[in-house]
Amino acid sequence: MTTAVPSASSVISRNPADPSDVLVTLPAPGAAATADAVERARAAQPGWLTGGAAARSAALGAVAAAIEAAADELAGLAVREVGKPLAEARAEVARTVAIWRYYAQAPYEPAGAVHETASGPGLLLTRRRPYGVAGLITPWNFPFAIPSWKAAPALAAGNAVVLKPAPEATACAQRLASLVEQHLPARVFTVVPGGAAEGSALVSAADVVSFTGSTAAGQEVARAATARGIPVQAEMGGLNAAIVLPDADIEQAAAHIAAAIAGYAGQKCTATSRVIAVGAALDPLREALSAALRAVPVGDPADRSTVCGPLINETARDQVSSAWEGLPVLAGGTVPGRPGWYAAPTLVEKVPQDHRLLHEEVFGPVAALLPADDLAHAVRITNAVPYGLVTSVHSAGLDAVLHGLDRLDTGMIRVNTPSTGVDFHLPFGGAKASGHGPREQGRAALEFYTSSRTYTLSPATL
């Protein structure tokens, strides 16, 4: 996942479908203001925790209702600021509502357990407690869902939150904050806009840190947080594969894979960028997938029919268009001549082993078609990259799939479905350079934002 950073003195956000449309221009607050926001949040956190489970649950439920009431506005803002196709933007807002509702029940969940002592009278208790201030650094591609699936569990557990969004999603973050803040005590939820300076300051001041973004930035965040001795999770890039076995429904597989390559212009960490055709699946898949990609509607993200909108900025568009240079192109391989930063959904083949498409995350609507002799060979190809986020496997039978699944070095495996898509109530995360630290989402998130304590109660205490 890649995120451009503006100059150190300003935050600028443009409409990627119409770069002349500037949504945000404001001074970056700087490191000192970020540290001050953390201290203010730290002062507000104890009252948020001691207010009780009912208050936290009601507040998070009210946030969900507020987001739902503003759904059309929020979807339109995501379309305008980050170029998200309207259908996807609406789906993201609906998921965001569901996330807040899911975690609104979490304050009532058990926060510990009671155990017998190994010998003699007494009790042993375990109890999970919030860290204090959760520092969240989020990308632009899911401007409402990712901040929410980080902030909601942190708040449910009793933490205060300081959010540093990507500059390209500043307007979305500020609007989300306006909806959240009206239902929480002052300074329990704060947005600090900015770039690298503000992000570094947040990592240096917060009590627990969650990051989503590029691998390089995530590794730096992990190093800095680890050096401070604070908990950190970093969800980073992907170079995801789709494995298609000969017995798969080729047309269905092609439709799923095309959606995972081209949806939102491939700007998802779970997007498919390598398509591995096993044995006799190669020729029919080449034809079906090429046709499916050529049929993907490309255009204005505000159009309800659009699947592939613009890239987030000019640099991203140029990186994508340079990725297919010199390779045999089966579909796409063009840059539409229209305002905005567009690239056609592209499939290439006969990619040299040292080509960057097979080693780096391009983060755009381009994928390489690769042949494999058998499932074992496909698994080796899948694993032969620095990343390990998600793999999709397409087959009519589960025997071969189950035989190969445990050998895949990825955090998530999706069978007969696109590699894209997230179930917010289950753990999310990857292996190798795709992830660092505990998983996000579901109950895993509640565990990450709390520390476990063990209490020994002797008879005198009782």
Side-chain angles (χ1 to χ4, degrees), residues 237-262 266 270-293 323-324 326-333 345-362 365-420 430-434:
L239 195 57
N240 309 304
I243 298 174
V244 182
L245 296 172
D247 66 346
D249 181 329
I250 297 297
E251 294 297 327
Q252 182 187 70
H256 287 163
I257 296 168
I261 293 171
T270 54
T272 295
S273 53
R274 296 177 299 146
V275 183
I276 304 171
V278 178
L282 179 60
D283 290 340
L285 182 63
R286 179 192 289 113
E287 180 179 350
L289 182 54
S290 298
L293 285 171
W324 63 64
L327 297 173
V329 175
L330 299 172
T346 299
L347 182 67
V348 297
E349 67 175 349
K350 299 179 181 177
V351 181
Q353 287 297 317
D354 60 350
H355 197 280
R356 68 187 182 99
L357 276 176
L358 304 185
H359 300 279
E360 302 173 14
E361 183 185 43
V362 174
V366 56
L369 178 63
L370 308 170
D373 298 331
D374 52 28
L375 178 58
H377 186 202
V379 169
R380 291 197 299 274
I381 294 172
T382 301
N383 292 342
V385 296
Y387 301 97
L389 183 56
V390 59
T391 302
S392 67
V393 182
H394 304 264
S395 172
L398 286 179
D399 289 346
V401 172
L402 292 173
H403 178 69
L405 289 185
D406 286 343
R407 300 179 185 179
L408 290 169
D409 195 7
T410 54
M412 297 175 289
I413 298 165
R414 295 170 62 84
V415 179
N416 292 327
T417 190
S419 62
T420 51
K432 298 186 288 189
S434 290

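Ser395 pairs by the side chain to side chain contact (heavy atoms under 4.5 Å, CB included) definition with Leu245, Asp247, Val401, not counting sequence neighbours. In this structure, Thr346 has no side chain to side chain donor-acceptor pair (under 3.5 Å) partners at least two apart in sequence or on a different chain. The salt bridge (Lys or Arg N to Asp or Glu O under 4.0 Å) search around Glu349 returns Arg286, not counting sequence neighbours.
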Show the numbers, then the answer: is there a side chain to side chain contact (heavy atoms under 4.5 Å, CB included) between Met412 and Leu389?
CA-CA 6 Å; Met412 297 175 289; Leu389 183 56; 3.7 Å; yes

Using side chain to side chain contact (heavy atoms under 4.5 Å, CB included), reason through Val278 and Val244 one step at a time and then give a plain yes or no.
CA-CA 6 Å; Val278 178; Val244 182; over 6 Å; no

Run Val366 and Ile261 through side chain to side chain contact (heavy atoms under 4.5 Å, CB included) and show every step you take.
CA-CA 6 Å; Val366 56; Ile261 293 171; 6.0 Å; no

Between Val390 and Ile413, is the side chain to side chain contact (heavy atoms under 4.5 Å, CB included) condition met? List the steps.
CA-CA 6 Å; Val390 59; Ile413 298 165; over 6 Å; no

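Listed by first and then second residue, the salt bridge (charged side-chain N to carboxylate O under 4.0 Å, His left out) pairs involving residues 407-417 are Asp409-Lys432 (not counting sequence neighbours).
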With a 3.5 Å cut-off and sequence neighbours excluded, list the donor-acceptor pairs that the side chains of residues 370-379 form with protein atoms.
residue : atom : partner : partner atom : Å
Asp374  : OD1  : Ala376  : N            : 3.3
Asp374  : OD1  : His377  : N            : 2.8
His377  : ND1  : Asp373  : N            : 2.9

Name each donor-acceptor pair under 3.5 Å that joins a side chain in residues 249-257 to protein atoms two or more places apart or in another chain, with its distance.
residue : atom : partner : partner atom : Å
Asp249  : OD1  : Glu251  : N            : 3.4
Asp249  : OD1  : Gln252  : N            : 3.1

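Here the side chain of Arg274 pairs a donor or acceptor atom with the backbone of Leu239 at under 3.5 angstrom. Between the side chain of Ser434 and the backbone N or O of Gly388, at least one donor-acceptor pair lies under 3.5 Å.
Remark: Ser290 OG to Leu369 CG distance equals 7.5 Å, nearest 0.5 Å. Once rounded to the nearest 0.5 Å, the distance linking CZ of Arg380 with CD1 of Ile276 reads 11.0 Å. Within the model, atoms OG1 of Thr382 and CG of Asn240 stand 10.0 Å from one another, a figure rounded to the nearest 0.5 Å. Interatomic distance, CD of Glu360 versus OH of Tyr387, reported as 7.5 Å (0.5 Å rounding). Between the CG atom in Leu293 and the CG atom in Leu330 there is a gap of 9.5 Å [rounded to 0.5 Å].
Using a 3.5 Å distance cut-off with no hydrogens or angles, the side chains of Ser419 and Thr272 do pair a donor with an acceptor.
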